[in-house]
Structure formats: structure tokens, C-alpha cells
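Everything on this sheet refers to the single structure shown next.
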Amino acid sequence: MTIRFIASSRLPTPWATFNMHGFEDDETGKDHIALTLGEVDDGEPVLGRVHSECLTGDALFSMRCDCGYQLQNALRRIAEEGRGVLLYLRQEGRGIGLLNKIRAYHLQDEGADTVEANEALGFDADMRRYDLCIPMLAHLGIARLRLMTNNPRKVIALQEAGIEISERVPLTTGLNAHNEQYLATKADKLGHMMALAQFVPAADTDCERISR
Ligand SMILES: Nc1nc2c(ncn2[C@@H]2O[C@H](COP(=O)(O)OP(=O)(O)OP(=O)(O)O)[C@@H](O)[C@H]2O)c(=O)[nH]1
Ligand SMILES: [Zn+2]
């Protein structure tokens, strides 16, 4: 894996004007993005989100999952703090790609849960890797994160890759009638550290979405 920095620019958003940094993975041909706000290379732990691409949730307002809500909430929290980083990794569908995710959604429409659907298609439940974060964070001068996630495997994978996780910050937002079962399966089968009772309902988040 060779991650190369390509270019940086400003990225105005409703929450803050971030600095956007583009990287290319020579091995896979995929491009990945980091958004930063404030001074992140001073050695102090940085509030951070390592977000895996979900075209349907992040861009198309899907309510099947919590990805879009988490993305907006993470950007808002970083903006409130005035300092932070978001890595946007192009690992769509927990690494199986968009079209296979649609195949998996089809199986879920027929009754499978998110893990069973991946397995029925011949994939592991989660095929993502996080070692690509290392050169991206190194380029930005970040070695320590306060990581916004509910996923213990993400925390362990980043620690094993050499990133110090000084704190795990829960990111429980976006519960709605369409993703309740999906979130329950993540907690039951994928080990996510969250209880549905902790969730902020989608209707009460800052996401401008229809919540029913
Ligand atoms: N294969 C598959 N991928 C999904 C499904 N729903 C969401 N995804 C993908 O899952 C990824 C997000 O993973 P999540 O399990 O929601 O969250 P996480 O990143 O593990 O954990 P958090 O940091 O707590 O959000 C994105 O790449 C989505 O495209 C699904 O039903 N099947
Ligand atoms: Zn999603």
C-alpha cells in the first residue's frame, strides 16, 4: 500500500470551513480525503472521525443506516471544538463495494440481517482495513486521536497500526424506524458499543431530513 498526498484546498461546509487534503492509494487506485480544522499537528490528542464511505447514507439521505447522521454529527462536533480531523475512506459497504452492498440490501429486504447478507454473498461481515490511515495522519502530523466511534474493532485496528487512541467518544445519532434493526444487529453481532436507548432520534438531530 502506498498512499500519496496529492493536493489541499479549502472546503466550506454548513459547520465550518475545513481544509481538505486529497490522497491516492497507488495499490487500489482509490482516492481518500482528510478534512482538518485548526492546528492539528501540535502533538495534543485530536478529536477525530474515521468514516467509511456510504454513498447511500452520506450523499443520498438513506435512512437504512446511521452513516449520514454520524458524518454530519462528527463534522458539527469538530466545528464546535474548532479543531479536529475527519478521514473519509473509500471503503464502501464495509469494503465490499457499492454494487455488492446493493445486493446485500436486496437480501436484507428479503429478511437477512446485515451480517447474514454479507456472508450469503461470500464476504466476511467486515472487510475494511485501517492501515491506510497511518500515512494520511502522518502527513497531517497527527499521532493521537480522541476517536468518535462505537466500533471496538476500529479502535483496536488503529491502535495496532500505531495510532494512540487517548479516548473513545460515542457517536450515537440518527436512530429511526428504518435503521433500528440494523443498529441492533451492529450491537449484537458486530460488537458495537451502544444501546439503542442512548441514541438521539433522527428527528432530534441537526440533520435536515425527513425522519419517518
Ligand atoms: N455490506 C454492508 N455495508 C453496509 C451496510 N450498511 C452500511 N454499510 C457500510 O458500513 C460502513 C459503515 O460502517 P458501520 O458499521 O455503520 O459503522 P463503523 O464505521 O463500523 O462504526 P462507527 O465508527 O461506530 O460508525 C460504510 O462503508 C457503509 O457503506 C450493510 O447493510 N451492508
Ligand atoms: Zn450507511
Side-chain angles (χ1 to χ4, degrees), residues 28-30 32-33 49-77 86-133 147-158 160 168-212:
T28 61
K30 298 229 175 200
H32 306 282
I33 281 177
R49 168 79 180 150
V50 174
H51 193 86
S52 303
E53 178 177 19
C54 176
L55 182 87
T56 46
D58 298 339
L60 298 177
F61 316 105
S62 170
M63 298 170 73
R64 288 191 82 124
C65 57
D66 53 345
C67 304
Y69 306 99
Q70 289 183 313
L71 178 61
Q72 294 191 31
N73 194 259
L75 291 175
R76 182 168 63 77
R77 287 203 213 179
L86 181 134
L87 300 188
Y88 193 88
L89 306 180
R90 311 299 296 283
Q91 309 199 91
E92 172 63 69
R94 295 199 297 270
I96 67 175
L98 178 60
L99 299 181
N100 284 324
K101 186 174 83 170
I102 296 174
R103 290 189 175 103
Y105 277 169
H106 177 72
L107 295 176
Q108 290 173 58
D109 289 343
E110 315 264 289
D113 69 33
T114 182
V115 171
E116 292 163 349
N118 260 39
E119 290 172 353
L121 293 169
F123 299 113
D124 290 340
D126 192 342
M127 307 199 42
R128 287 172 292 178
R129 47 192 281 193
Y130 296 100
D131 50 349
L132 72 167
C133 299
L147 187 70
M148 290 183 273
T149 184
N150 309 314
N151 183 347
R153 287 190 293 177
K154 192 181 284 186
V155 173
I156 291 166
L158 285 167
E160 285 178 351
R168 181 189 73 85
V169 180
L171 196 55
T172 46
T173 183
L175 174 66
N176 67 64
H178 305 279
N179 66 15
E180 196 169 343
Q181 197 53 48
Y182 168 76
L183 295 175
T185 302
K186 285 211 296 188
D188 290 349
K189 289 194 170 180
L190 294 170
H192 284 233
M193 297 173 282
M194 58 198 195
L196 293 192
Q198 301 169 332
F199 267 73
V200 179
D204 298 341
T205 66
D206 54 347
C207 306
E208 292 181 11
R209 293 157 188 251
I210 299 164
S211 56
R212 270 180 268 280

Look up atom CD in Gln70 and atom OG1 in Thr172, then write down how far apart they are to the nearest 0.5 Å. 9.0 Å
We want to know whether Thr56 and Lys101 form a side-chain donor-acceptor pair, criterion being a heavy-atom distance below 3.5 angstrom. yes
To the nearest 0.5 angstrom, please state how far the CG atom of Leu171 sits from the CE atom of Met148. 6.5 Å
dist Thr173:OG1 -> Tyr69:OH (nearest 0.5 Å) comes out at 8.5 Å
Is any side-chain heavy atom of Ile96 closer than 4.5 Å to a side-chain heavy atom of Arg103? no
Using a 3.5 Å distance criterion without hydrogens, assess whether the side chain of Lys154 forms a donor-acceptor pair with backbone atoms of Thr149. no
State, to 0.1 Å, how close Ala117 and Leu107 come at their nearest heavy-atom pair, and which atoms those are. O-CD1, 3.7 Å
Once you round to the nearest 0.5 Å, how far does CD of Glu53 lie from CG of Leu89? 9.5 Å
Looking only at atom types and distance, does a side-chain atom of Asn179 sit under 3.5 Å from a main-chain N or O of Asn176, one as donor and one as acceptor? yes
Do Arg94 and Leu190 have side chains that get closer than 4.5 Å, going by heavy atoms? yes
Please step through side-chain hydrogen bond (donor to acceptor under 3.5 Å, both in side chains) for the pair Tyr88 and Asp58, ending with a clear verdict. CA-CA 11 Å; Tyr88 193 88; Asp58 298 339; 2.6 Å; yes
For Leu71 and Leu86, which heavy atoms make the closest approach, and how far apart are they? CD1-CD1, 3.7 Å
Kindly say whether Pro170 contributes a backbone atom to a donor-acceptor pair with the side chain of Asn150 at under 3.5 angstrom? no
Atom of Gln91, atom of Ser52 and distance for their closest heavy-atom approach: O-CB, 4.0 Å
Is the shortest side-chain heavy-atom distance between Arg64 and Tyr182 below 4.5 Å? no
Going from CD on Glu92 to CZ on Arg128, what distance comes out if it is rounded to the nearest 0.5 angstrom? 10.5 Å
Looking at every heavy atom in both Leu121 and Ala104, which two are closest together, and how far apart are they? CD1-N, 3.6 Å
Nearest heavy-atom pair of Ala125 and Val115: which atoms, and what distance? CB-CG1, 4.0 Å
Got Arg168 and Leu147 here, is their nearest side-chain heavy-atom distance under 4.5 Å? no
Assess the side chains of Thr28 and Arg90: does a donor N or O sit below 3.5 Å from an acceptor N or O? no
With side chains defined as the heavy atoms from C-beta onward, is the minimum distance between His32 and Cys133 less than 4.5 Å? no
Minimum heavy-atom distance between Thr185 and Thr114, given as atom pair plus value: CG2-CG2, 3.7 Å
Within a radius of less than 6.0 Å around CD of Gln181, do more than 12 heavy atoms belonging to other residues, nucleotides or ligands occur? no
Between Lys186 and Asp126, is there a side-chain N and carboxylate O pair less than 4.0 Å apart? no
